[in-house]
Participant: 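Structure in structure tokens, see below.
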Amino acid sequence: MSPKILILGASGQIGSELTQRLRSIHGAENVIATDISYNNIELVNSGIFERVDAQDYTSVKICIEKHQINTIYLMAAMLSATGEKFPRKAWDLNMESLFHVLNLAKEGFIKKVFWPSSIAVFGPTTPKENTPQFTIMEPSTVYGITKQVGERWCEYYHKQYGVDIRSIRYPGIISWKTMPGGGTTDYAVEIYHKAIAEKKYECFLSEDTELPMMFMDDAIKATIDIMNANQEDIKIKSSYNLAAVSFTPKQIAKSIQKYIPEFTITYNPDFRQKIADSWPKSIDDSRAREDWNWSHSFSLDDITKEMLTNLKAKAKQSV
Ligand code: AKB
């Protein structure tokens, strides 16, 4: 099956880079980007872009039929921090979009689905170190609840209706091309921007808050690898644990100081501290490594080097 791909929520942090990568692999004409607005000019100019609200079943279906889509990446979601401000909206967006896609797959309109889960599925009662694939999951954020419920529905739709769905639990994602929006791990992107612009950063998490993180290139690779894997190798139909590095704000600051020695960090924890405290410090992703050969490439210092080099170059271009 040669993929004809639809990306819902293509303008977001992961969606925008995933779209460009998929376009370079499969050809721009085979990757249809959609979102609720046209404000990502690069995406609009680099291939077919349609205005589609992932919560609107009819417009998703029309778009699928129009472009003869067989593969969907559902990247539209409200993340943890914004979700706590708008709990009902987070529930509606995250669950309705998933149901639309699962039902369209069940009805035979789509052959393969990617749906991202998150480390937010875990909660305060989960073992924090090397969190196992199968463990206690009592998420305390609305975002985490939607991801955990979503995982259960994905597995159900696979078992009951044979839907080919693949999913990974993303950690915090770090990228120089796109800004994250509304997550608890966003500090790990903001810090690099501030390091270059102001040589200082006030962190909204405390210095020793350790969280699992990953460079965008590794996250995109994982997403494409799991979608390319043989269906029989995808043994977990809910969502796979995925890991690369784990670090604290203090450790990322130290890594930045290797390149910008005058960089300073201060700490002023806000409501996001409680969210971060409920999440794992590190993740056991051995099942992803065994089942579909996942491996990561970027260490914390590699990430720092990539972030600072590329953000500096970008800043020079815009002068
Ligand atoms: C968030 O912080 O909400 C996200 C996530 C870990 O899923 N980056």
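One is the number of the first residue; the rest follow in order along the sequence. Counting starts at 1 for both ligands and their atoms, in listed order.
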Participant: Would you please indicate if the ring centroids of Trp176 and Tyr192 are separated by under 6.0 Å?
Facilitator: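 Ring-ring flag for Trp176/Tyr192: false, centres at least 6.0 Å apart.
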
Participant: May I ask you to check whether Tyr240 and Trp292 place their ring centres under 6.0 Å from each other?
Facilitator: yes

Participant: As a test of reading the model: which residues have a non-hydrogen atom less than 4.0 Å away from ligand 1?
Facilitator: Leu79, Ser80, Ser118, Ile119, Tyr143, Gly183, Thr184, Thr185, Trp279

Participant: Does this structure show an ion pair linking Asp217 with Lys221, if we count only N-O contacts that are shorter than 4.0 Å?
Facilitator: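 No, no charged N to carboxylate O under 4.0 Å.
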
Participant: Do Arg289 and Asp285 sit within salt-bridge range, that is, some charged N less than 4.0 Å from a carboxylate O?
Facilitator: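 Salt bridge present between Arg289 and Asp285.
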
Participant: Donor-acceptor pair, Asp53 side chain versus Ile36 backbone, under 3.5 Å?
Facilitator: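 Answer holds: no.
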
Participant: Residues two or more places apart in sequence or in another chain: which of them pass salt bridge (Lys or Arg N to Asp or Glu O under 4.0 Å) with Asp164?
Facilitator: Arg166

